[in-house]
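This is a predicted model, so every value here is computed, not measured.
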Amino acid sequence: MIKATVVLERRVQRGANGFSGEFGHLPVDPAGRRCNCGNGGCLQALVGQTALLERARRAGVGLGSRDGLAELFDATEGGERAVLTILEEAGELLGRSVAGLVNVLAIKAIKVIGESHVLWPFLGPAFTAAAVAGTIEPLRELEITVSPWRDTEHARDAACLLLARSGAITRP
C-alpha cells in the first residue's frame with residue numbers, strides 16, 4: 001500500500017475517523033485502472049506492487065513465484081529493460097504526486113519507508129527528479145531519505161497509537 005503521514009512536532013496528524021495517509025488513493029488518472037477502493041486511476045492502482053507486477057507480466061517479463069519485489073529486483077539486476085522503464089515511470093508518477101503534497105503542506109523533508117526500498121535504485125532517480133521539478137522554488141531544497149520497513153514497526157506504531165488515544169502518552 002502507498003501511504004503518507006504528516007508529522008508535526010513529533011505528532012502524527014490524523015484526519016476524520018483517525019485516518020492518516022491514504023496517499024495511495026490520490027486520483028491521478030481518471031481513465032486509469034480501477035482501484036480496489038472502487039475509484040479509477042488511484043496512485044495505488046497505477047504504481048502499487050500489484051500494478052507493477054501486472055505491467056511487467058504484460059510486457060512479457062517472466063516472473064517466478066517468489067515475492068514480487070524480489071522478482072522485480074532480479075529482473076532489473078538482469079538488465080530487463082521493460083522492468084527498468086516501468087520502475088522509472090512509477091518513480092516519476094510518485095515523485096510528481098509527492099511534489100503536490102510538498103507544495104500544499106510546505107514540507108521540507110520526505111522519508112520513504114517500505115518493503116519496496118530494494119527497488120529505490122531504479123525508482124529513486126525519476127522520483128527525485130520529478131519531486132524537485134514539481135516543487136515550487138522556496139521548497140526545492142527537499143530532503144529525501146529512504147529506509148527499509150521493519151515488521152517490528154507495525155507493533156510499535158500500533159502500541160503508540162493506542163497509548164496516545166488513551167492519553168497515556170502525548171508524543172509517540
side-chain hydrogen bond (donor to acceptor under 3.5 Å, both in side chains) filter on Arg55, not counting sequence neighbours, yields Glu89
dist Phe23:CZ -> Leu101:CG (nearest 0.5 Å) comes out at 4.5 Å
Heavy-atom pair with the smallest gap, counting every atom of Cys42 and Val28: C-CG2, 4.3 Å
Which distance, rounded to the nearest 0.5 Å, do you find between the CG of Leu94 and the CD1 of Ile110? 11.5 Å
The single option from Leu46, Val47, Leu26 passing side-chain contact (heavy atoms from CB on, under 4.5 Å) against Ser97: Leu26
For His25, the option from Asn36, Leu43, Ile2, Asn39 that meets side-chain contact (heavy atoms from CB on, under 4.5 Å): Asn36
Listing request: all salt bridge (Lys or Arg N to Asp or Glu O under 4.0 Å) pairs with a residue in residues 103-114, at least two apart in sequence or in separate chains. none
Gap separating the CG atom of Leu123 from the CD atom of Glu92, nearest 0.5 angstrom: 12.0 Å
Output a table of donor-acceptor pairs, distance under 3.5 Å, between side-chain atoms of residues 130-143 and any protein atom two or more places apart or on a different chain; print 'none' if there are none.
unit_1	atom_1	unit_2	atom_2	d
Thr135	OG1	Ala131	O	2.4
Glu137	OE1	Arg140	NH1	2.9
Arg140	NE	Val132	O	3.1
Arg140	NE	Thr135	O	2.7
Arg140	NH2	Thr135	O	3.0

Under the rule for salt bridge (charged side-chain N to carboxylate O under 4.0 Å, His left out), what residues qualify as partners of Glu54, not counting sequence neighbours? Arg33
Nearest-0.5 Å distance, CG of residue Asp29 to CG of residue Leu93: 8.5 Å
With sequence neighbours excluded, residues passing salt bridge (charged side-chain N to carboxylate O under 4.0 Å, His left out) with Glu88: Arg81
Of the non-hydrogen atoms in Pro121 and His117, which two are nearest, and what is the gap between them? CD-O, 4.0 Å
Got a second to check how far Glu71's CD is from Arg57's CZ, nearest 0.5 Å? 8.0 Å
Applying side-chain hydrogen bond (donor to acceptor under 3.5 Å, both in side chains), name anything that partners Glu77, two or more places apart in sequence or on another chain. none
Residue from Trp120, Phe73, Phe122 passing side-chain contact (heavy atoms from CB on, under 4.5 Å) with Leu87: Phe122
